[in-house]
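First up is the structure itself, then whatever we jot down about it.
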Amino acid sequence: MPIRLFDSLSRQVRELSAAQPDGVFRFYNCGPTVYAPAHIGNFRTFVINDVLRRMLELEMGPGKVRHVRNITDVDDRTIGQSRKEQRPLGEITRMWTGIFHADCDALNCLRPTAEPTATGYIREQVSMIEVLMEKGNAYRAADGSVYFRVGSFPGYGALSRVKERELKVTNSAFDADHKDDVGDFALWKAHKPDEDGDVRWPGPAGAAEGRPGWHIECSAMSRKILGDTIDLHTGGVDLLFPHHENEIAQSECCNGVTLARHWYHTEHLLVDGTTMSKSKGNYYTLGDLVAKGHSPVTVRYALLAGHPRKQLNFTLDSLHAAESALATLRAYRAALRRLKPASTGVYDKVLDALRDDLNTPAALGALFTVVNRGADGGNLADFERVIFALGLDLDRPAGLPATPPEVAILAEKRWAARGARDFAAADALRSELAAAGWSMLDGKDGYKLEPIKK
RNA sequence: GGCGCGGUAGCCAAGUGGUAAGGCCGAGGUCUGCAAAACCUCUAUGCGUCGGUUCGAUUCCGACCCGCGCCUCCA
């Protein structure tokens, strides 16, 4: 059964396939801008794309998937952050790239096969802009910037249906720039000393020194690493317009062929029913959630609990649900390990759900339907395969914070009291531990301490 | 204003023209000094409202109500 996925351009669910004779699937996923920690909404997209990557590998073989995810390391926000902190741009972006990687690893996302940076591909971007200028799709503005002339590309708007909408244009952006038409967008931005500091590169022939516009990096890197036509291009819904629309325009005008055979966009994560924003106090990073005592696997599970093409309302409560569900899966696996494998194919519906437009909630539902039948009908190898596809690392320690010494002392005292069958003292100590925010789980040969979740 | 998405049990969330997966919570039970864990059982005559099509609609069509997102550098 092939993998079927909704295609944002044709607006229907279509089979995924590799077009090139080498059978390699070429997959480009728009990555993060590295100027601050990514938030869990960003990670919804990366986690979903990771499940997709895993499914593709299971289906086509690990060597048959080329997965590119870029790092945007030069744009208004990265430069802004660098100036705010009075530190070199590269230092800022390197730091946040490192943190992004750590978060991805914690969430058990496989590393992409290539992770190009915008600053690493300036030459490719410049030469692409030069081609567009030669072909008449781009023009130099008065200040030395280069803009893409949207009117020169008849296909503009096919992805986002931008032609059918009336742009609610304030004209502020238009007035501030030097472009011929409001719809035109920057390919190259002339250097502005008061805003850009020392961030600048030699521009395309005939243009000023400066830096690339946002959209061109993906076009250039995708082309350089994967070729003129790729099999799949993905990102969050917010990238549909203008980012992906503009990428199509640039790439197709430059290369003369279709940019991507398939487009896929994940919907937004909402928190407490609305968009995340720092002012609303509902803005979470992975680190925020870990600090509240939740493990990254739990977060990953919660991010998989909703259909990727539907807005998912994330709440702290959903993490508690996820944690309980994961505990059941861990117990089930432990039971499977003690049993002889039974029939194979019992989890097929889980993978089928994932093949069917990446329906992660249906997959989880199908998983638990099997789990609820009991471990003695299960098959460990098959179960592990399904867990791999979902990327749920059931072994990963919960990342518990270190036990404070005073808590450890209380626990030791209680364990001793319990051993001496002084249950009154043991219960009193349990209360003290609870007051300190810790719960003590008695086992046969020892105990475990866990912070009580906030 | 334009474009798009959604409203399913206390919460989260799949799904189908033929009578509602699953998770959490809750209740009961087994086990256990207590607690927890684990395991077992139970929990929507109902799928925003009103019409229509149909033998039959939560699922198709229409209207309406409500919520959310995007509309130029936000995954």
Side-chain angles (χ1 to χ4, degrees), chain A residues 8 11 29-33 38-49 72 75-77 150 157 160-170 172-174 177 182-186 189 213-215 234-243 245-246 265-270 273-277 301-302 305-307 309-315 317-332 334-335 349 353 359-372 374-375 418 421-424 426-427 430-431 433-434 439-444 447-448 450:
Chain A
S8 313
R11 305 189 147 247
N29 170 22
C30 277
T33 302
H39 56 65
I40 52 167
N42 296 314
F43 283 117
R44 158 127 114 142
T45 295
F46 298 130
V47 164
I48 294 296
N49 274 273
T72 298
D75 77 325
D76 290 354
R77 291 177 296 162
V150 163
S160 62
R161 297 169 154 194
V162 76
K163 280 179 179 165
E164 295 172 23
R165 68 174 82 177
E166 262 176 48
L167 281 183
K168 192 176 176 183
V169 174
T170 61
S172 60
F174 181 53
D177 294 328
V182 222
D184 293 350
F185 57 90
K189 303 179 87 158
W214 174 36
H215 317 295
T234 69
V237 268
D238 49 335
L239 297 183
L240 251 152
F241 185 84
H243 187 55
E245 197 68 63
N246 293 353
H265 295 88
T266 44
E267 252 299 346
H268 274 304
L269 182 79
L270 268 38
T274 179
T275 343
M276 240 183 294
S277 82
Y301 187 101
H307 190 110
R309 290 197 295 107
K310 204 171 151 183
Q311 289 172 349
L312 173 65
N313 187 23
F314 179 90
T315 60
D317 255 6
S318 67
L319 291 175
H320 295 123
E323 189 50 58
S324 299
L326 282 166
T328 301
L329 293 180
R330 289 193 187 95
Y332 176 81
K349 285 189 174 165
N359 194 336
T360 52
L364 258 11
L367 215 209
F368 276 91
T369 301
V370 180
V371 167
N372 288 337
R418 183 179 176 278
R421 305 194 69 79
D422 181 358
F423 296 125
D427 288 349
R430 179 184 285 291
S431 301
L433 282 162
S439 68
M440 185 163 171
L441 313 179
D442 297 349
K444 229 187 317 183
Y447 57 87
K448 278 200 317 195
E450 280 183 3

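Order of the sequence lines sets the chain letters (A, B, ...), proteins ahead of strands, with each chain counted from 1. Predicted model, so just to flag it, every value in this text is computed and none were measured.
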Checklist line | Whole-angstrom distance between B:rC50 and B:rA21, as gauged at atom P | finding: 24 Å
Checklist line | Between C1' of B:rG22 and CG of A:L367, the distance in whole Å | finding: 10 Å
Next item on the list: Determine yes or no for a side-chain-to-main-chain donor-acceptor pair under 3.5 angstrom, with A:T72 supplying the side chain and A:G31 the backbone.
Entry: no
Notebook entry, point to check: Which whole number of Å gives the distance between the P atom of B:rC47 and that of B:rA20?
Noted result: 12 Å
Checklist line | Which residue lies more 5' along RNA chain B, comparing A:A366 with A:R309 via nearest heavy atoms | finding: A:R309
Check: Whole Å only: how far is the CD atom of A:E267 from the C1' atom of B:rG6?
Finding: 9 Å
Note to self: Looking only at the side chain of A:D238 (C-beta and beyond, no hydrogens), which of the listed nucleotides B:rA75, B:rC3, B:rG23 gets closest?
What the structure shows: B:rA75
Polar atom pairs between nucleotides 11-16 of chain B and protein, under 3.5 Å, N or O only, would you list them?
from, atom 1, to, atom 2, distance (Å)
B:rA14, OP1, A:H307, N, 2.8
B:rA14, OP2, A:K310, NZ, 3.0
B:rA14, O3', A:N359, ND2, 3.0
B:rG15, OP1, A:N359, ND2, 2.8

Notebook entry, point to check: Taking the P atom of each, how far is B:rA37 from B:rU49, in whole Å?
Noted result: 37 Å
Next item on the list: Give the rounded distance in Å between these two atoms: CG of A:L270 and P of B:rC5.
Entry: 16 Å
Check: Rounding to the closest angstrom, what is the interatomic distance between B:rG46 and B:rG10 at atom P?
Finding: 12 Å
Check: Hey, is the side chain of A:T275 poking within less than 4.0 Å of OP1 or OP2 on B:rG69, counting only N and O atoms?
Finding: yes
Check: What is the distance, rounded to the nearest whole Å, between atom CG of A:N42 and atom C1' of B:rC74?
Finding: 8 Å
Notebook entry, point to check: Does the side chain of A:N42 come within less than 4.5 Å of A:P32's, by heavy atoms?
Noted result: no
Next item on the list: Using the C1' atom on both, measure B:rC12 against B:rA44 and round to a whole Å.
Entry: 15 Å
Checklist line | Nearest atoms (heavy-atom pairs only) where A:A302 meets A:F314 | finding: CB-CE1, 4.1 Å
Item checked: Contact under 4.0 Å: A:R77 side-chain N or O vs B:rC74 OP1/OP2 -> yes
Next item on the list: May I ask you to test the A:D442-A:R430 pair for a side-chain heavy-atom distance under 4.5 Å?
Entry: yes
Checklist line | Closest listed nucleotide, where the reference is the side chain of A:F185 and the choices are B:rU72, B:rG22, B:rA75 | finding: B:rU72
Checklist line | Whole-Å distance separating the CZ atom of A:R44 from the P atom of B:rG69 | finding: 14 Å
Next item on the list: Select base, sugar-phosphate, or nothing to describe what A:T274 touches, counting heavy atoms under 4.0 Å on all strands.
Entry: sugar-phosphate
Margin query: Between B:rG52 and B:rG67, how far apart are the two P atoms, rounded to whole Å?
Written below: 28 Å
Next item on the list: Could you state the atom-to-atom distance from CG of A:L239 to C1' of B:rC70 in whole Å?
Entry: 11 Å
Next item on the list: Mind calculating the distance between CZ (A:R330) and P (B:rC39) to the nearest angstrom?
Entry: 13 Å
Notebook entry, point to check: Between A:S160 and A:F241, which heavy-atom pair has the shortest distance, and what is it?
Noted result: OG-CD1, 3.3 Å
Next item on the list: Stems involving RNA chain B: give each as a range paired with a range, ordered by first number, where a stem means at least three consecutive Watson-Crick or G-U wobble pairs under 3.5 Å.
Entry: B:1-7 with B:65-71, B:10-12 with B:22-24, B:26-30 with B:38-42, B:48-52 with B:60-64
Note to self: Tell me whether the rings of A:W214 and A:H243 are parallel (<30°), tilted (30 to 60°) or perpendicular (>60°).
What the structure shows: parallel
Check: Which whole number of Å gives the distance between the P atom of B:rA13 and that of B:rC68?
Finding: 15 Å
Margin query: Let's go through A:F43 and A:L269 carefully: what are the C-alpha distance in whole Å and the side-chain angles of both, what is the deciding distance for side chain to side chain contact (heavy atoms under 4.5 Å, CB included) to 0.1 Å, and is it a yes or a no?
Written below: CA-CA 9 Å; A:F43 283 117; A:L269 182 79; over 6 Å; no
Checklist line | Comparing A:N246 and A:T369 on RNA chain B - which has the more 5′ nearest nucleotide | finding: A:T369
Note to self: If stacking means aromatic ring centre less than 5.5 angstrom from the base's six-membered ring centre, planes under 30°, is A:F423 stacked on B:rG33?
What the structure shows: yes
Check: Counting side-chain heavy atoms from C-beta on, which of B:rA75, B:rG23, B:rU72 comes nearest to A:V182?
Finding: B:rU72
Checklist line | Spacing of NE2 belonging to A:H268 relative to OG1 belonging to A:T45, to within rounding of 0.5 Å | finding: 8.0 Å
Item checked: Residue pair A:R11 / A:R161, side-chain heavy-atom distance below 4.5 Å -> yes
Item checked: Sugar-phosphate, base or nothing in reach of A:G235, heavy atoms under 4.0 Å -> sugar-phosphate
Check: OG1/A:T275 to CD/A:Q311 distance, rounded to the nearest 0.5 angstrom?
Finding: 8.5 Å
Next item on the list: Quote, to the nearest angstrom, the P distance that separates B:rG23 from B:rG62.
Entry: 36 Å
Item checked: Side chain proximity check, A:L240 to A:E245, heavy atoms < 4.5 angstrom -> no
Show the distances under 3.5 angstrom between N or O atoms of the protein and N or O atoms of nucleotides 34-38 of chain B.
from, atom 1, to, atom 2, distance (Å)
B:rC34, O2, A:D427, OD1, 3.4
B:rC34, O2, A:R430, NE, 3.2
B:rC34, N3, A:R414, NH2, 3.4
B:rC34, N3, A:R430, NH2, 3.1
B:rC34, N4, A:D442, OD2, 2.2
B:rA35, N1, A:D442, N, 3.0
B:rA35, N3, A:R430, NH2, 3.0

Next item on the list: For residues A:L329 and A:L367, determine if any side-chain heavy atom of one lies less than 4.5 Å from a side-chain heavy atom of the other.
Entry: yes
Item checked: Contact check, side chains of A:M276 and A:I40, non-hydrogen atoms, under 4.5 Å -> yes
Checklist line | Considering all heavy atoms, the nearest A:A322-A:Y301 contact | finding: CB-CD2, 3.5 Å
Next item on the list: Rounded off to whole Å, could you give me the CG-to-P distance for the A:N372 and B:rC40 pair?
Entry: 7 Å
